[in-house]
Amino acid sequence: MDTCNRSFLLSLAFLMLLFDNIGTNAVFGYSGNHDQIETMVEEVLDHSPHFGTTQSMYDMQHLEDDDWKMVETKGNQFIVNGQPFYVNGFNTYWLMVLAADQSTRGKVSEVFQQASSVGLTVCRTWAFNDGQWRALQKSPSVYDEEVFKALDFVVNEAKKYKIRLILSLVNNWDAYGGKAQYVKWGKAAGLNVTSDDEFFSHPTLRSYYKAHVKAVLNRVNTLTNVTYKDDPTVFAWELMNEPRCTSDSSGDTLQSWIAEMAVYVKSLDAKHLVEIGLEGFYGPSAPARAQFNPNSYATQVGTDFIRNHQALGVDFASVHIYADSWISQTISDAHLQFTTSWMEAHIEDAEKYLGMPVIFSEFGVSAKDPGYNSSFRDALISTVYKTVLNSTKKGGSGAGSLLWQLFPDGMDSMDDGYAIVLAKSPSTSKLISLHSSRLAILNSMCSWNCHWGCRKKNALETILYHDL
């Protein structure tokens, strides 16, 4: 069976399971005849002996192992094996560190299993830990092999659950070392550096970072014998988590660093996608867009969403969403209004100026916020998901989102307030599952070309977008 038909059948089978489990109305707000929709699904399933409606999503995905190909871009969309690929994913930053200890390694498998069970397909995590507890890089270009083996385990385990990884290569913040640790290493080596922002400008510190990039990309996985830069499990390389250079609000320093490092990553690995890791703040190159920034300070942190993403070698845009950090910690509907306008502005710019996909690669709300409740969290997640789907409906650049952050049970000590434990969050779990099903259908429909009949395709589109 060709890939297009098999992928579409997979989506329909999953859709039928959802109908059986929670009903058509609950899935998409669709008021059509349930029997008619079920008959339509069964007609298509009858064309293939490969799928039974009792199979789980995870079991069916195993049938597509031969199609585990690199993610690419085509215009403003992601594609895999020639088919559109919309992202519903999550962040879990600590995977490598917990995998380094056999007593906690099971938590890595647990979070992947739970993510897979609700259809999440992409995970963003750290491929760095610089000079800290359980450091990957103990000093410049000196690595702890056991921690590197832990990252090998993370990559291998992700593939088992058909989850792709966005691997971030350094932190802007002090956690896990970050640019501050590189500056400390520079000082220890006798460099005259006084600011953490010199990470972006000092030639020696740039060389330290490049050496780390090279070490990670050229790493041969000890479990699979596949070099990271050849592994389709890697969705993309992220240059830095939330880069900021507050010492140069013009943005020139950070722009120079991005331009150099994006091209450098591509020189080592032309196969994988590259993204920057930005929060999405507008800067001096687009003063008219500053109105969408959450506050005036956002224009002064040295980042510039449009200009930064125009650098050669950058394949897609990244944006974060934290209304509770940027606007007001107290929960209010203003957070939802900001989320919508913030997303729509970046989707528009990705289409108009960049011609690339955009992923909202961190979003969430803290349970520690005044006025927080799980209903508001669900409302925020629904807002993000709906805005992405509104973009896909028009063939726009909105390509997906990544929750911050998914946790297994029993890790309360590491919870920053944003953790989502699916087992304890049934309504949130259902929201995620339903969005995953929509995107799975969308990924197949976009390349369907009426192979099974335009009437059926149009009916599915009605279901998919009915309540938007």
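Here, residue 1 is the first one in the sequence, and each next residue gets the next number. Here the structure is a predicted model, which is why all the values come from computation and not from measurement.
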Check your understanding: Just how far is it from atom NZ of Lys107 to atom CD of Gln114, taken to the nearest 0.5 Å?
Key -> 8.5 Å
Exercise for review: State whether the side chain of Asp231 and the backbone N or O of Val234 hold a donor-acceptor pair below 3.5 Å, judged by distance alone.
Suggested key: no
Review point. Quick one: do Arg206 and Glu198 make a salt bridge, cutoff under 4.0 Å?
Key: no
Review point. What distance do Phe200 atom CZ and Thr253 atom OG1 have between them, rounded to the nearest 0.5 Å?
Key: 9.0 Å
Check your understanding: Measuring from Ile79:CD1 to Lys69:NZ, what's the distance to the nearest 0.5 Å?
Key -> 13.0 Å
Practice item. Indicate yes or no: at least one non-hydrogen side-chain atom of Leu217 is less than 4.5 angstrom from one of Val213. Key: yes
Practice item. Tell me, with the steps shown, if Phe338 and Phe292 meet ring-ring contact (aromatic ring centres under 6.0 Å, His included). Key: CA-CA 8 Å; Phe338 166 77; Phe292 294 105; 9.5 Å; no
Point to revise | Backbone N/O of Val97 and side chain of Arg134: donor-acceptor pair under 3.5 Å | key: yes
Exercise for review: Could you list the residues that satisfy ring pair (Phe, Tyr, Trp, His ring centres under 6.0 Å) with Trp185, not counting sequence neighbours?
Suggested key: Tyr182
Point to revise | Lys/Arg-Asp/Glu bridge criterion (N-O < 4.0 Å) met for Lys210, Glu260 | key: yes
Exercise for review: Step through it carefully: locate the ring centre of His346, locate the ring centre of Phe305, and say whether they are under 6.0 Å apart.
Suggested key: yes
Check your understanding: Mind checking whether Thr92 and Trp126 have side chains closer than 4.5 Å, heavy atoms only?
Key -> no
Exercise for review: Determine yes or no for a side-chain-to-main-chain donor-acceptor pair under 3.5 angstrom, with Glu279 supplying the side chain and Phe281 the backbone.
Suggested key: no
Point to revise | Atom pair CG (Asp152) and OG1 (Thr222), whose distance is rounded to the nearest 0.5 Å | key: 3.5 Å
Check your understanding: Just checking, any donor-acceptor pair under 3.5 angstrom between side chains of Ser141 and His212?
Key -> no
Practice item. Check whether any side-chain heavy atom of Arg438 lies under 4.5 Å from a side-chain heavy atom of Tyr86, and answer yes or no. Key: no
Check your understanding: Under 3.5 Å, is there a donor-acceptor pair between the side chain of Thr392 and the main chain of Leu389?
Key -> yes
Check your understanding: Which heavy atom in Leu95 sits nearest to a heavy atom in Val108, and how many Å separate them?
Key -> O-CG2, 3.5 Å
Review point. Taking the side chain from Ser397 and the backbone from Met356, do they hold a donor-acceptor pair closer than 3.5 Å?
Key: yes
Practice item. Look at the rings of Tyr228 and Phe148 and say which category their plane angle falls in: under 30° parallel, 30 to 60° tilted, over 60° perpendicular. Key: perpendicular
Review point. Does CG belonging to Asn295 count more than 12 external heavy atoms closer than 6.0 Å?
Key: yes
Review point. If you look at every heavy atom in Leu354 and Ile306, which pair is closest and at what distance?
Key: CD2-O, 3.6 Å
Review point. Between Tyr93 and Tyr176, does the ring centre distance come in under 6.0 Å?
Key: yes
Check your understanding: Would Asp315 and Lys266 pass as an ion pair if we require N to O under 4.0 Å?
Key -> yes
Practice item. Give the intermediate values and the outcome of side-chain hydrogen bond (donor to acceptor under 3.5 Å, both in side chains) for residues Asp304 and Ser285. Key: CA-CA 7 Å; Asp304 197 328; Ser285 76; 2.7 Å; yes
Review point. Does some side-chain heavy atom of Asp101 sit less than 4.5 Å from a side-chain heavy atom of Thr104?
Key: yes
Exercise for review: Show the numbers, then the answer: is there a salt bridge (charged side-chain N to carboxylate O under 4.0 Å, His left out) between Lys430 and Asp378?
Suggested key: CA-CA 10 Å; Lys430 181 180 288 187; Asp378 288 350; over 6 Å; no
Practice item. Determine yes or no for a side-chain-to-main-chain donor-acceptor pair under 3.5 angstrom, with Asp415 supplying the side chain and Ala419 the backbone. Key: yes
Review point. Aromatic ring centroids of Tyr208 and Phe199 under 6.0 Å?
Key: no
Revision key, fill the gap. When every non-hydrogen atom of Leu278 is compared with those of Pro243, the smallest separation belongs to CD2-CG, 3.6 Å
Study note, to complete from the structure: residues 399-412 vs side chain to side chain donor-acceptor pair (under 3.5 Å), sequence neighbours excluded, gives Trp404-Asp416, Gln405-Asp416, Asp409-Lys424
Point to revise | Distance-only donor-acceptor check, side chains Ser249 and Gln300, under 3.5 Å | key: no
Exercise for review: Indicate yes or no: does Glu146 engage Arg105 in a salt bridge with an N to O separation below 4.0 Å.
Suggested key: no
Review point. So, for Asn308 and Ile276, which heavy atoms are closest and what is the spacing to 0.1 Å?
Key: O-CD1, 3.4 Å
Practice item. Evaluate the criterion salt bridge (charged side-chain N to carboxylate O under 4.0 Å, His left out) for residue pair Arg307 and Asp252; output intermediate values, then yes/no. Key: CA-CA 10 Å; Arg307 181 190 182 196; Asp252 291 345; 2.9 Å; yes
Point to revise | Side-chain (Asp197) to main-chain (Ser247) donor-acceptor, under 3.5 angstrom | key: yes
Practice item. Taking Ser366 for its side chain and Lys368 for its backbone only, find out whether a donor-acceptor pair lies under 3.5 Å. Key: yes
Point to revise | Lys214 atom NZ, over 12 foreign heavy atoms within 6.0 Å | key: no
Check your understanding: How many angstroms lie between atom CG of Asn129 and atom CE of Met96, to the nearest 0.5 angstrom?
Key -> 5.0 Å
Check your understanding: Would Arg164 count as a cation-pi partner of Phe85, with NZ or CZ less than 6.0 Å from the six-membered ring centre and within 45° of the ring normal?
Key -> yes
**Study point:** Check: Arg219 and Leu151 side chains under 4.5 Å, non-hydrogen atoms
**Key:** no
Check your understanding: Considering only heavy atoms from C-beta outward, does the side chain of Leu406 approach that of Leu120 to under 4.5 Å?
Key -> yes
Point to revise | Side chains of Thr299 and Asn293, donor plus acceptor under 3.5 Å | key: no
Exercise for review: Step through it carefully: locate the ring centre of Phe363, locate the ring centre of Tyr322, and say whether they are under 6.0 Å apart.
Suggested key: no
Check your understanding: Are the side chains of Leu431 and Ser382 in touch, meaning some heavy atoms are under 4.5 Å apart?
Key -> yes
Study note, to complete from the structure: Looking only at heavy atoms, the pair that brings Ser361 and Asn91 closest together is O-ND2, 2.9 Å
Check your understanding: Are any non-hydrogen side-chain atoms of Leu191 and Thr204 less than 4.5 angstrom apart?
Key -> yes
Review point. Donor-acceptor pair, Asn76 side chain versus Gly395 backbone, under 3.5 Å?
Key: yes
Check your understanding: Could you go step by step and tell me if Glu72 and Phe78 meet the side-chain contact (heavy atoms from CB on, under 4.5 Å) rule?
Key -> CA-CA 6 Å; Glu72 302 172 292; Phe78 295 116; over 6 Å; no
Review point. With a 6.0 Å cut-off on ring centres, are Trp257 and Tyr264 close enough?
Key: no
Review point. Does a side-chain N-to-carboxylate-O contact under 4.0 Å join Glu362 and Arg124?
Key: yes
Practice item. For Asp130 and Gln137, test the side chains for any donor-to-acceptor distance below 3.5 angstrom and give the result as yes or no. Key: yes
**Study point:** Heavy-atom closest pair, residues Ile432 and Leu422
**Key:** CD1-CD2, 3.8 Å
Exercise for review: Look up atom CD in Gln310 and atom CD in Gln255, then write down how far apart they are to the nearest 0.5 Å.
Suggested key: 8.0 Å
Review point. Is the closest side-chain donor-acceptor distance between Asn171 and Lys179 under 3.5 Å?
Key: no
Review point. Parallel, tilted or perpendicular: which fits the ring planes of Trp342 and Tyr282, with parallel below 30° and perpendicular above 60°?
Key: perpendicular
Check your understanding: Hey, is the main chain of His272 close enough, under 3.5 Å, to the side chain of Asp269 for a donor-acceptor pair?
Key -> yes
